[in-house]
Amino acid sequence: MRKLLIISLLSSLLISCDTGSKTQTVSKFQKERKAVVCSENTTLVTGKGIEITVGDYKYVKKLLNPEAKKFFASHPENLLERMINRRLVIRYVEDSGIAEKYGLNKKMEEFKKEYLSRYYVSNEAGKRAKTVKEEDIVKRFKELFPDKDPSKMTEADKKFIRNELRVKLYDRAVEEIYDEVRKKLQFKKNGKTLIASCCGIELKMPINKDEKEAKEKLTKKFLTEYFYRKAVENGYDRNPEFQRTFTEYFATKAINIFRKELEKGIKVSDEEIKEFYEKNKDKFLMPEKAQAVVFYFNSKDKAMEAKKELASKDWKSVARRFGRSSAKPKYYYNDPKDPIGTLIFMSGNKENTIVADLGENRFVVIKILKIVPQKQITLAEAKNYIKLRLSRRKLREKEKEFLKELKEKYHVKVQRENLNCIL
């Protein structure tokens, strides 16, 4: 679940600020440096229903990919600005009723239960899982390699087997924890309704067609509810890391519906599309390309032999002849990033078969099937692309203005005296 969350955060729009749009190497916040005692709870931003702490900032920074981390190391204010915008969107989506309209609160409650349920089980399994002993490692080694002497086992072998056994013991502990509750579960039917009860909890589910399927679904739902309540009893819902995880996941979902609402008022006219096309007509060109089949060889003699046969035979029969049955026609462009395309267009297309020495006894044979000349993309062909591009531009502008209004509405204030804590 954690992995899924991170992927979602990195792929979603952190509204405002392009990572390549600001080139200053010294943060404007550095001018505000003062002697401040920093902690995870040190406040960086306040507002009506909004607070961002040093701990929040570090958590979000930890989720970034290496390239983004490198950029924000020099531009911490950009990351903080994005965090502010995400929190503003959360407040707006909740206060305006949009969250309820899209069923976001229900989805977040499901996420919370699922996350905390698994978190509780994972912690319990970690406590219960037995320690891997040396004799366990030796026994497993013998199972894997019956003809080898365990006394000559390498450290790499030991590490691999130890990890394998740890995973098995952990998985076994997880299953035992679930089984303990499954055995206590009692089911009864009330008409078309299936009822599951245990440990002071009762859940219901309608039986549509398959009672067995309904029982499986209800069991899964019950286990989630049971272990979620256990997690709350242990205070896991108050864990700062969970709360940050919940907030960022909520923000990701909130941004999606926030943008959907903004998009409703965005329109792009045919006149705007035509004007954009005429101003950028030179960019709407389909580059020259070549369709070709490519064969690779480790022998120059084989490559020359293939070239000779391609002069009079169908490329498919030549492919079969040299064991290259997986070869297929592809399009190549006159682009430095496309080495095959570069070879084709460097040849001047005078020959329809090219042999090139790639070095280290590697040779390529290129059979050119056809050359497609450069073509002007028509307005009709480009219309949908231009409309999408202009819509996104208008959306960015609308977002920027709306977020500016939200900052004023929620009285957002950056605690500049504490900014040294993230520099």
Side-chain angles (χ1 to χ4, degrees), residues 1-10 12 40-41 51 53 55-56 58-63 86 90 94 99 103-133 136 162-188 194-205 213-254:
M1 181 177 294
R2 176 69 178 276
K3 183 178 179 182
L4 173 64
L5 172 65
I6 292 175
I7 292 173
S8 298
L9 287 173
L10 298 183
S12 67
E40 292 285 299
N41 297 320
E51 182 184 38
T53 65
D56 297 332
K58 288 180 179 179
Y59 174 77
V60 171
K61 189 176 180 181
K62 184 172 64 177
L63 300 180
R86 291 173 74 86
I90 290 175
E94 287 184 325
L104 182 56
N105 292 333
K106 182 180 178 181
K107 291 176 183 176
M108 291 308 302
E109 185 64 20
E110 290 172 355
F111 168 79
K112 181 179 180 180
K113 287 188 175 184
E114 187 70 28
Y115 184 101
L116 288 175
S117 171
R118 292 190 181 190
Y119 186 75
Y120 175 84
V121 172
S122 178
N123 276 358
E124 288 301 304
K127 295 174 186 176
R128 291 193 189 189
K130 297 177 182 177
T131 304
V132 178
K133 300 177 181 178
D136 298 326
R162 183 178 285 108
N163 288 338
E164 180 195 40
L165 293 176
R166 279 175 179 169
V167 170
K168 285 183 178 180
L169 290 170
Y170 171 82
D171 289 344
R172 191 177 301 160
V174 167
E175 197 57 34
E176 286 174 357
I177 291 168
Y178 281 123
D179 279 343
E180 288 171 6
V181 181
R182 285 194 190 102
K183 290 174 182 177
K184 297 177 185 177
L185 260 179
Q186 293 183 344
F187 294 91
K188 65 180 180 179
L194 185 65
I195 303 170
S197 60
C198 166
C199 320
I201 303 172
E202 184 176 278
L203 296 181
K204 301 177 181 180
M205 179 171 286
E213 182 181 347
K215 187 176 180 180
E216 289 175 355
K217 288 182 178 178
L218 186 55
T219 299
K220 183 179 179 181
K221 184 178 179 182
F222 189 97
L223 291 173
T224 297
E225 180 67 27
Y226 176 84
F227 289 114
Y228 162 68
R229 295 191 186 190
K230 286 289 183 182
V232 172
E233 284 176 17
N234 283 270
Y236 293 159
D237 57 324
R238 299 189 298 275
N239 180 286
E241 180 146 346
F242 164 71
Q243 291 178 348
R244 288 171 185 138
T245 298
F246 186 86
T247 297
E248 291 307 314
Y249 188 72
F250 189 103
T252 300
K253 297 293 184 183

Cationic N near anionic O, under 4.0 Å, [X] to [Y]:
X	Y	result
R118	E114	yes
E213	K217	yes
E124	K127	yes

Go through the structure and list residues passing side chain to side chain contact (heavy atoms under 4.5 Å, CB included) with N234, not counting sequence neighbours.
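Residues passing side chain to side chain contact (heavy atoms under 4.5 Å, CB included) with N234: Y120, Y236.
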Those residues at least two apart in sequence (or on a different chain) that pass side chain to side chain contact (heavy atoms under 4.5 Å, CB included) with Y170 are S122, A125, V174
Those residues that, when tested against [X], pass side chain to side chain donor-acceptor pair (under 3.5 Å) (two or more places apart):
X	result
R166	none
E51	T43
K113	E225
R182	E175, D179

Looking at R86 and E248, would you say the former's side chain and the latter's main chain have a donor-acceptor pair under 3.5 Å?
yes
Which value, rounded to the nearest 0.5 Å, describes the distance between L203 atom CG and Y226 atom OH?
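Output value for this atom pair is 13.0 Å.
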Drop me the distance from E241's CD to E40's CD, to the nearest 0.5 angstrom.
10.0 Å
If I compare all heavy atoms of K184 with all of C198, which pair ends up nearest, and what's the gap?
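Looks like CB-SG, 3.5 Å.
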Heavy-atom neighbours of Q186 CD exceed 12 at 6.0 Å
no
Counting only heavy atoms not in R172, do more than 12 sit closer than 6.0 Å to its CZ atom?
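Open.
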Describe, in one word, how the ring planes of F246 and F242 are oriented to each other, choosing from parallel (under 30°), tilted (30 to 60°) and perpendicular (over 60°).
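Answer is tilted, since the angle falls between 30° and 60°.
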Would the F111 and Y249 ring centres measure less than 6.0 Å apart?
yes
